[in-house]
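What you see is a predicted model; the values in this text were computed from it and never measured. Residue numbers start at 1 and run along the sequence shown.
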Amino acid sequence: MIRVIGLSIVVLGLASDPGARVVAADSKYAHSDSNARYIHHIDLYDINNRKITPESDQPYSPLNTCGRCHDYSAISHGWHFNAFMNDSVDGRPGEPWIWTDARTGTQLPLSYRDWKGSFDPGALGISRWEMTHQFGSRLAGGGVAVAPEDDAESKTATKPDADQEQSDAEANNAVTDSVKPNRWPLSGSIEIDCMVCHASSGVYDFNTRREQIEDENFAWAATAALRLGTVKGSVSRIKDGSDPSDESTQQKLPKVTYDARKFELDGTVFMDVIREPHNNACFQCHSQRTVTESGIEHRWMHDEDVHLRAGMQCVDCHRNGIEHHTVRGFEGEENPASSLNPTATSTLTCSGCHLGDEQNSSTIAARPGRLGAPYPHHQGLPPLHFDKLSCTACHGGPVPREEAVRIMTSLSHSLGSKEHRTGFELPAIAGPIYSKMKDGKIYPQRAIWPAFWGSLSDGKIQPLDPATTYDLTRRSLRVRRDFVEEIISPKLSSSDRKKILGDDRYKLPDEELTDEERDKLVTAQKEAGDESFHEKVAASLESLEKELKIETAVYVSSGFVYRRGEEEKTVTQVPRDEIQNAEAIEMTTWPIAHNVRPAGWALGVGGCTECHREDSVIFASTVQSIGPGPDQGTRVTMASLQGLDPNQSLVWNQLFVGRASFKYVMAASILVLCLILLVGVGAMASRLAGHHRHHPPTA
């Protein structure tokens, strides 16, 4: 009954004014209204809304458990859960979900929000279940992770998954003989898991949760992550089309063995709940590492965000109420909470916290210095800079260098999971990129160049469903693990090395070879890679055209588009002027806010010429399009990305280079002029005095 009521409330919530959800605290749900933590000794309820005992074998349900006392409907519209709701605000672009498949050389940015450079998964025929399986370890639950038959919103706001898949697939010219199997009845949903954020640090096991989702045990992930018991069984081993109500299938479904020690004598369980999430929970999805030619840079080489170093928590700025509309902290942010108290959100931006909210300056809460933030005087900095630059352009992101480096993120590279990473795994993300956003200001950003298999029709490129692509190209590509290592840069065999280096040298390790010998190996490897790329990609494109009945199949990487050549086993690049929707293959960017550097490490502290010179990092540093394909783009400067004229920039910067000397010259000139004036005035006064002596006035 609680489950039905909860889902009904969600539907009613959709019909109501979104801004009204911020007053959820005034609803029928109880609240302690104290700064002290509320101790949660509570009854647990399973996915069938039955009270859990040590003898139960079904997973616990956050909806049926937490939803008894907390407004699940209001929470479900928060920023971390509402990406698939048709009334949600898209907001400023953030990091997209990047579908990565190293076997097919795919790094495809996806988002249900209307963000430039990202593709709508539904339009590509990617089901909600596939999105959940691919990215579920980084989802807090709800939204796309809820089975359509369990989600009342999907019945009113969207079409059922199967119908949507087929409709989108037809629009995409990627029709298959049958609709994808519906595995929701087997896997269950990933409900909004409150404990992902609100468990005390060290209580929630994110890696165990990830393993359960990879095994398609969606409904069991929350139970395993809290270590309430052990989960045995894997949905991934159950065949498509199996009936969950069939006795044989039920025996294969995962079962929970609860830890009896977790239960009190009255049957309750202590849930170590905290009101404000610890940073550790945030870092699970919001960490990043920089990668250079030497690999992943060590953590000890980098400083913390200056705010964290000062003892602040992520939630000190990124706040929310029961409605979970988390403040993202950028200027112009649309947050429903702003309708209740504008300064509550506007003073949580960089300028709002440090400089105050000028629009509401009459109130004390709008004054500068929130949370003890120091007032930045920016002495000598012309106000024009605040119209052209964001705060983070000078203060945020990795320390800029002569070239943008590769960046790994939690969302895209599963940072936090125990793996052997080199830093060069897909997706290839570069940063910091200094380019403009919609407000015309320059921001430090991350960038990715899409790589995918798609179709070309009437000059427009459309990606294909990456899961279907893998199935149809598996035999032609013949890649076991990594597209780049096995096709683009194949390892040379002993016979190849012997042919190149000779009998005496081919067994030597590379570091003992001469530069000339290493160059020969690199050349041979590239030639082998080019031959392999042409042969296997051409065969794969032919397979896609045949199976999906499309006229022209293409492979996209680093801004280049490849199609089959006129000769057999060859591919050729599609000329740029033949592509009408070039944005589908171009750089996709999203802003970097953290880590914030201290004032002493900000750009411009070294004087005007730190930025206004020919080799300044904010204008002259370069970035190159990178991807799994064989061709990488030419390096371009940040100034070109900002749309600046090179000649004007050169003249402007040269003026600044000589500015200090010019000041001294001007000062000396003024001094000389003043001396001349003094001499002139003195001479004039002397002449007048002499005139009066020789020609005294008459009576």
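- Enclosure of atom CD in Q642 by more than 12 non-hydrogen atoms of other residues, nucleotides or ligands within 6.0 angstrom is indicated.
- Remark: E512 CD is packed, more than 12 non-hydrogen atoms of other residues, nucleotides or ligands lying under 6.0 Å away.
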Please determine whether side-chain hydrogen bond (donor to acceptor under 3.5 Å, both in side chains) holds for the pair S489 and Q525, giving the CA-CA distance in whole Å, both sets of side-chain angles, and the decisive distance to 0.1 Å.
CA-CA 6 Å; S489 301; Q525 186 180 42; 5.0 Å; no

Evaluate the criterion side chain to side chain contact (heavy atoms under 4.5 Å, CB included) for residue pair D519 and L521; output intermediate values, then yes/no.
CA-CA 5 Å; D519 290 341; L521 292 178; over 6 Å; no

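- Between P336 and E323, the closest side-chain pair of non-hydrogen atoms is not below 4.5 Å.
- In this structure, CG on D303 lies 12.0 Å from CG on L308, to the nearest 0.5 angstrom.
- Within the 3.5 Å criterion, the main-chain N or O of T409 finds no donor-acceptor partner in the side chain of S412.
- Taking the side chain to side chain contact (heavy atoms under 4.5 Å, CB included) definition, one finds that H302 meets it with T290, E297, R401, sequence neighbours left out.
- Contact between G91 and W115 at its shortest, heavy atoms only, is O-NE1, 3.2 Å.
- Residues L513 and R518 share a closest heavy-atom pair of O-NH1, 2.7 Å.
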Show the numbers, then the answer: is there a side chain to side chain contact (heavy atoms under 4.5 Å, CB included) between T588 and F119?
CA-CA 11 Å; T588 297; F119 300 93; over 6 Å; no

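- Annotation: side chain of L411 is in contact with side chain of W97 (closest heavy-atom distance under 4.5 Å).
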Give the C-alpha distance, both sets of side-chain angles, the deciding distance and a yes or no for side-chain hydrogen bond (donor to acceptor under 3.5 Å, both in side chains) between S346 and D357.
CA-CA 7 Å; S346 64; D357 184 356; 2.7 Å; yes

Do T349 and E333 pass the side chain to side chain contact (heavy atoms under 4.5 Å, CB included) test, and can you show the C-alpha distance, the side-chain angles, and the key distance before you say yes or no?
CA-CA 9 Å; T349 65; E333 177 182 3; 5.7 Å; no

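- Under the 4.0 Å criterion applied to side-chain N and carboxylate O atoms, E586 and R576 are assigned as salt-bridge partners.
- Residues L641 and M587 are in side-chain contact: their nearest non-hydrogen atoms beyond the backbone lie under 4.5 Å apart.
- Counting heavy-atom neighbours within 6.0 Å of L673 CG, excluding the residue itself, gives a total above 12.
- Distance alone, capped at 3.5 Å, is enough to place a donor-acceptor pair between the R597 side chain and the G396 backbone.
- When atom types are taken as modelled, the side chain of Q445 and the backbone of P432 share no donor-acceptor pair closer than 3.5 angstrom.
- Between the side chain of H354 and the backbone N or O of Y375 there is no donor-acceptor pair closer than 3.5 Å.
- Side-chain contact check for R328 versus R92: some heavy-atom pair is nearer than 4.5 Å.
- Shown here is R309, whose CZ atom has no more than 12 heavy atoms of other residues, nucleotides or ligands within 6.0 Å.
- When the shell of 6.0 Å around CD of E334 is examined, it contains 12 or fewer heavy atoms from other residues, nucleotides or ligands.
- Sorted by first and then second residue, the pairs that involve residues 616-638 and meet salt bridge (Lys or Arg N to Asp or Glu O under 4.0 Å), not counting sequence neighbours, are E403-R635.
- In this structure, H385 contributes its side chain and P383 its backbone to no donor-acceptor pair below 3.5 Å.
- Looking only at side-chain heavy atoms (C-beta outward), T392 and I592 stay at 4.5 Å or farther from each other.
- A donor-acceptor distance shorter than 3.5 angstrom exists from the side chain of S616 to the backbone of C611, with no hydrogens or angles considered.
- Partner M638 forms a side chain to side chain contact (heavy atoms under 4.5 Å, CB included) with one of I433, I618, L644 and no other, that one being I433.
- Residues satisfying the side chain to side chain contact (heavy atoms under 4.5 Å, CB included) criterion with Q580, sequence neighbours excluded, are K460.
- Around atom CD of E578, more than 12 heavy atoms belonging to other residues, nucleotides or ligands sit under 6.0 Å away.
- Contact of the F424 side chain with the V291 side chain is registered, since non-hydrogen atoms from C-beta on lie closer than 4.5 Å.
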Working for side chain to side chain contact (heavy atoms under 4.5 Å, CB included), residues R613 and D615:
CA-CA 6 Å; R613 67 184 187 214; D615 60 344; 2.8 Å; yes

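- Between L415 and R421 there is a side-chain heavy-atom pair separated by less than 4.5 Å.
- With rounding to the nearest 0.5 Å, the separation of CG in L389 from NZ in K436 is 10.0 Å.
- Taking 4.5 Å as the limit, every side-chain heavy atom of H307 sits out of range of all side-chain heavy atoms of C314.
- In this structure, CG in L355 is found 7.0 Å from NE2 in H378, a value given to the nearest 0.5 Å.
- Dense packing is recorded around CD of E419, with more than 12 heavy atoms of other residues, nucleotides or ligands lying under 6.0 Å away.
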